S.K.: 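Below is one structure. I have some questions about it.
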Protein chains: 2
Amino acid sequence: MRRRDPKGRLEALQAVVAALAHPARRQILLTVHLRGGSMTAGGIAGRFAHAWPTTTRHMRVLEAAGLLSHERVGRTRVYRIDHSRLDHLKEWLSWFDDAPKRRAKRRR
Amino acid sequence: MRRRDPKGRLEALQAVVAALAHPARRQILLTVHLRGGSMTAGGIAGRFAHAWPTTTRHMRVLEAAGLLSHERVGRTRVYRIDHSRLDHLKEWLSWFDDAPKRRAKRRR
DNA sequence: CAAATATTGAGCCGATTGGCTAAATGTCGT
DNA sequence: ACGACATTTAGCCAATCGGCTCAATATTTG
């Protein structure tokens with residue numbers, strides 16, 4: 001029930017939501033996912049209007065957030081999606097699922 | 001099944017995720033929610049370390065994203081949460097729920 | 001009406017973001 | 001070893017962000 005390391009979880013949530021805040025990064029993630037979960041850097045960059053280094057940087061942000069990882073294969077780098085980190089966000093969102101559950105704190 | 005206005009939906013998603021990208025704004029939203037769904041501006045601002053106008057600005061961002069709305073009551077303003085917009089984000093996240101569903105597009 | 005209260009608006013300012021181009025790095029084929 | 005290819009690193013620069021302080025605007029109360 002991963003309830004360990006609340007500080008780390010907060011940071012992870014922050015990294016994830018910040019990474020998703022940019023449309024290009026959301027699209028990168030979705031593109032890789034829909035194409036089977038992994039793509040080369042060039043395959044990704046080729047699909048975007050941005051200059052290649054710009055897209056590379058977005059990938060670095062996604063990787064720093066733990067949403068993407070990469071592996072070198074010959075002279076290409078293959079990026080693989082890891083959507084387990086998205087659970088942090090889903091978990092946060094689930095606070096809003098039911099009617100507000102007032103906590104054990106006297107109302108003022 | 002709200003499938004209308006794809007452009008508007010994209011913009012809404014962007015506004016929502018950008019609004020949630022800041023920890024103070026996430027906390028404002030959660031605070032209002034947990035306290036029953038509505039609070040005065042002062043009630044909110046009083047709980048944060050930031051200067052009051054700073055928090056006010058965060059509230060404006062949340063309101064622009066459709067996550068908060070307000071109503072004037074006497075000399076106070078009561079903010080009310082509207083978490084229906086969070087569904088845009090949940091919907092986007094749901095792309096990643098199952099194994100990648102390759103679309104009707106020949107693989108290369 | 002004047003003073004107190006509740007809240008926002010205006011505007012400054014340093015830090016971060018996200019685009020770009022040019023150069024560096026690493027690998028493959030000849 | 002050399003040249004072509006795949007990708008990243010470095011660094012510039014304009015725009016946005018998010019803090020702040022100091023007004024400005026309602027609204028209630030005396």
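In what follows, chains carry the letters A, B, and so on, assigned in the order in which the sequence lines appear, proteins first and then strands, with residues in each chain numbered from 1. Keep in mind that this is a model prediction, so the values were computed, not measured. Keep in mind that the numbers below use all heavy atoms, side chains included, and drop hydrogens, waters and symmetry copies.
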S.K.: Need one value for B/Thr76: base, sugar-phosphate or nothing, where a base atom within 4.0 Å counts as base even if backbone is also close, heavy atoms only.
M.R.: sugar-phosphate
S.K.: Do any side-chain nitrogens or oxygens of B/His58 fall under 4.0 Å of OP1 or OP2 in D/dG19?
M.R.: yes
S.K.: If you look at every strand shown and take non-hydrogen atoms under 4.0 Å, does A/Ala41 touch a base, only sugar-phosphate, or nothing?
M.R.: sugar-phosphate
S.K.: When you get a sec, tell me which of C/dC20, C/dT7, C/dT8 is the closest nucleotide to the side chain of B/Tyr79?
M.R.: C/dT8
S.K.: Taking only the side-chain heavy atoms of B/Ala51 (C-beta and beyond), determine which of C/dG19, D/dT21, D/dT9 contains the nearest atom.
M.R.: D/dT21
S.K.: At less than 4.0 Å, is any side-chain N or O atom of A/Thr56 found next to OP1 or OP2 of D/dT8? Yes or no.
M.R.: yes
S.K.: Is the distance from OP1 or OP2 of D/dT9 to the nearest side-chain N or O of A/Arg60 less than 4.0 Å?
M.R.: yes
S.K.: Angle between ring planes, B/His33 versus B/His83, binned at 30° and 60°: parallel, tilted or perpendicular?
M.R.: perpendicular
S.K.: Tell me which of B/Pro53 and A/Arg77 sits closer to the 5' end of DNA chain C, going by the nucleotide each one is nearest to.
M.R.: B/Pro53
S.K.: Can you tell me if A/Arg25 touches the phosphate of C/dG18, counting only side-chain N or O atoms and a distance under 4.0 Å to OP1 or OP2?
M.R.: yes
S.K.: Can you find a donor-acceptor N/O pair under 3.5 angstrom joining the side chain of A/Arg57 to the base of C/dG19?
M.R.: yes
S.K.: Kindly point out which of D/dG18, C/dG19, D/dC20 is positioned nearest to the side chain of A/His22?
M.R.: C/dG19
S.K.: How about A/Gln27 and A/Arg47: does a side-chain donor come under 3.5 Å of a side-chain acceptor?
M.R.: no
S.K.: Has the side chain of A/Arg75 got a donor or acceptor that lies under 3.5 Å from a partner of the other kind on the base of C/dG26?
M.R.: no
